[in-house]
Amino acid sequence: MERTHTCGELRGSDVGEQVVLMGWVAKKRDFGVFTFIDLRDREGVTQVVVSEETAEQAHAKAKNIRGEFVIAIKGNVVARDENARNTKLATGDIEVKVSELLVLNDAAVPPFQLEVAGSENLAAEDTRLKYRYLDLRRPQLQHNIRTRAKAVKAIREYFDTQGFIEIETPILLKSTPEGARDFIVPSRIHTGKFFALPQSPQILKQITMIAGFDKYYQIARCFRDEDLRADRQPEFTQLDMEMSFVNREQVYREMEGMFNHVMKTVGNIDLPSEWPRMTYAEAMRRFGSDKPDLRFGMELQDLSEDLKDTDFAPFADTLGKGGEIKCIVVKGKADYSRKQTDELQEFVKRYGASALAWIKVPVRTGSDSDSAPTSSLMKVLGEETIGRLIKTSGAVEGDAVLIVAGRKSVVAASLGALRQEVARRENLIDRTKYECLIVTEFPMFEHDEETDEYVAAHHPFTSPMDEDLEMFKTAVNNPSQKHLLGKVRAKAYDAVINGYECAGGSIRIHQKDIQALNFQALGLSPEKARERFGFFLDALEYGTPPHGGFAAGIERTCMILCGTENIRDVMAFPKTASAQDLMMDSPGEVDAAQLDELGVKVVE
RNA sequence: GGAGCCGUAGUUCAGUUGGUUAGAACGCCAGCCUGUCACGUUGGAGGUCGCGGGUUCGAGCCCCGUCGGCUCCGCCA
């Protein structure tokens with residue numbers, strides 16, 4: 001028997017055809033003298049019917065089949081009666097009247113039911129991860145994995161069309177202590193030495209520019225030995241690209257072009273040909289986030305000016321230390337209960353906020369006392385100040401104002417997260433919308449409070465902005481001016497869609513003197529720099545073109561295309577939150593002989 | 001490294017204030033059934049209440065520890 005059709009393609013126009021279908025038994029409905037089987041393959045489901053009267057042998061075999069048996073059937077496509085059509089199935093206008101049935105393979109009873117109504121009834125995720133091959137048979141995951149394949153294809157199409165060359169870089173390379181923790185691989189030939197898996201092909205892609213390829217791209221697997229999150233796995237895939245002789249705008253155009261092509265061809269999603277631009281500073285000020293979700297408003301408002309003369313010690317203290325007091329306004333939520341505001345307070349505390357203050361502006365009714373604003377700050381600030389804060393916040397009748405005071409970083413982190421959390425709880429996010437943004441002018445350095453050191457915000461090869469170059473030089477050459485490093489902006493940028501950082505990149509440093517300056521700023525002596533990046537510093541000596549690029553997260557892009565918030569939904573074989581593979585039970589131990597050969601000893 | 005939620009039949013869940021024999025639905029097994037598509041119907045099997053300890057006359061329920069899953073903070077140049 002040779003398959004003639006898939007289980008998703010037969011239609012009314014095929015009535016009368018003799019067909020052969022092969023697939024898995026999704027469902028069996030036994031009526032004694034005849035049996036319905038829903039046959040499933042990757043393309044869909046087709047109902048086939050086996051009758052004792054017309055196909056005695058096939059009917060006898062059908063008696064013994066169960067869910068997930070693999071079968072082949074031969075039969076005629078027949079039209080269903082008007083009232084027997086199934087509008088839920090693409091193939092619901094027809095069914096196949098079976099003449100022959102072959103059991104290609106039986107199947108053990110699955111450890112969980114694949115066919116359940118509603119995702120909330122799915123088996124627990126650890127069970128599904130252990131039997132990933134069964135979970136992957138579910139139409140939802142089949143769809144997601146195919147969407148991912150389409151996205152990768154669209155990316156290749158785009159860059160190929162734009163004249164980029166796909167270049168593979170090694171998976172076994174050298175550990176550099178910067179950034180994320182490396183996965184390391186012991187070398188047998190060089191006992192006691194180790195390769196590292198790439199966190200990203202950063203340096204190598206820059207070297208392709210030095211090597212003159214001009215436009216490089218790669219679908220690159222990356223590895224980072226860090227803790228996981230709903231959108232982070234220890235190994236993941238990036239679109240990595242780099243181009244020579246370009247400025248930032250030219251890179252932005254490629255980011256826009258690539259995302260627009262992928263979103264359109266894979267998801268039929270239209271994004272603007274030129275994306276909005278916003279500086280990092282503005283994003284942090286207005287949204288408390290460097291990856292703001294623009295599908296809803298609720299921007300942060302600054303109340304610091306109204307409170308600059310306050311006696312209330314916590315606020316006065318905050319402002320005295322250079323902190324700020326900001327708020328968001330939640331529309332129509334003046335009826336937040338004590339329990340709800342307590343929950344939100346617990347929420348912001350995770351981000352280091354010491355408290356969440358609130359003002360509720362009730363809807364005006366007949367009596368004045370019912371209409372007066374209430375606030376957790378009423379006693380300490382008084383009616384007049386509260387009134388001023390309401391005015392500044394822009395709150396109107398019926399609204400709630402949620403206020404956080406503290407260090408700028410804490411206020412941004414907590415209110416930024418609160419804004420997202422409230423939007424989620426109050427259903428303010430339009431799931432049909434796609435809001436994209438390019439965030440520009442990221443800071444060059446981040447200040448480490450504990451060590452008082454400055455570390456690269458992006459990576460140590462990122463170019464400072466021309467406007468800030470003098471400040472950069474001053475800060476590096478005068479230890480007393482070191483704090484200026486915190487103000488230097490970089491030619492670094494992110495692409496943000498619906499609050500997800502989908503891509504990030506920068507224009508790189510191509511002059512060796514500025515690169516040296518940057519290592520100095522990062523507290524890396526010339527000797528240390530040479531030890532770690534010597535080959536790269538050498539390469540910079542031999543005519544490096546100005547260049548820049550970006551890397552895009554394939555998984556995050558696919559999460560948006562698939563409408564899921566979980567990275568495991570767009571990976572065929574993901575790991576758990578504790579970085580294990582429950583199907584193959586990795587990581588695992590290795591033989592003592594293997595370790596011996598590698599010169600590796602496990603210490604208890 | 002830290003925090004929160006969850007863990008009861010193969011699966012999803014219920015299980016009152018600590019009280020006798022731990023339930024339901026789906027799935028599974030055996031029958032019946034001529035139009036189902038969440039088929040219907042009759043009967044049946046199926047439990048280390050994650051694991052270990054404690055409190056108690058008595059623990060699925062309370063306490064301590066531990067393991068696993070998910071989520072978050074730290075971390076992720």
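Residue numbers begin at 1 in each chain, while the letters A, B, ... track the order of the sequences. For the numbers below, each heavy atom of this structure counts, side chains included, while hydrogens, waters and symmetry mates do not. Keep in mind it's a predicted model, so treat the numbers as computed, not measured.
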Please classify the nucleic acid contact of [X] as base, sugar-phosphate, or nothing, using heavy-atom distances under 4.0 Å.
X	answer
A:Glu125	sugar-phosphate
A:Ala84	base
A:Arg80	base

Ring geometry between A:Phe519 and A:Phe533 (parallel below 30°, tilted from 30 to 60°, perpendicular above 60°):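 Judged by the thresholds at 30° and 60°, the geometry between A:Phe533 and A:Phe519 is parallel.
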Whichever of A:Val109 and A:Gln580 has its nearest RNA chain B nucleotide further upstream toward 5': A:Val109
5′-ward residue of the pair A:Gly179/A:Asp227 relative to RNA chain B: A:Asp227
Taking the minimum atom-to-atom distance to the side chain of [X], which one of [options] wins?
X	options	value
A:Glu53	B:G27, B:U34, B:C72	B:U34
A:Lys88	B:C28, B:U36, B:A38	B:A38
A:Ala577	B:C37, B:C70, B:U12	B:C70
A:Phe34	B:G35, B:C39, B:G74	B:G35
A:Phe31	B:C37, B:C33, B:G27	B:C33
A:Arg29	B:U71, B:G69, B:C37	B:C37

Interatomic distance, A:Phe183 CZ vs B:C76 P [rounded to whole Å]: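 Distance, rounded to whole Å: 15 Å.
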Side-chain N,O (A:Lys28) to OP1/OP2 (B:C39) below 4.0 Å: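 The answer is no; no side-chain N or O of A:Lys28 sits under 4.0 Å from OP1 or OP2.
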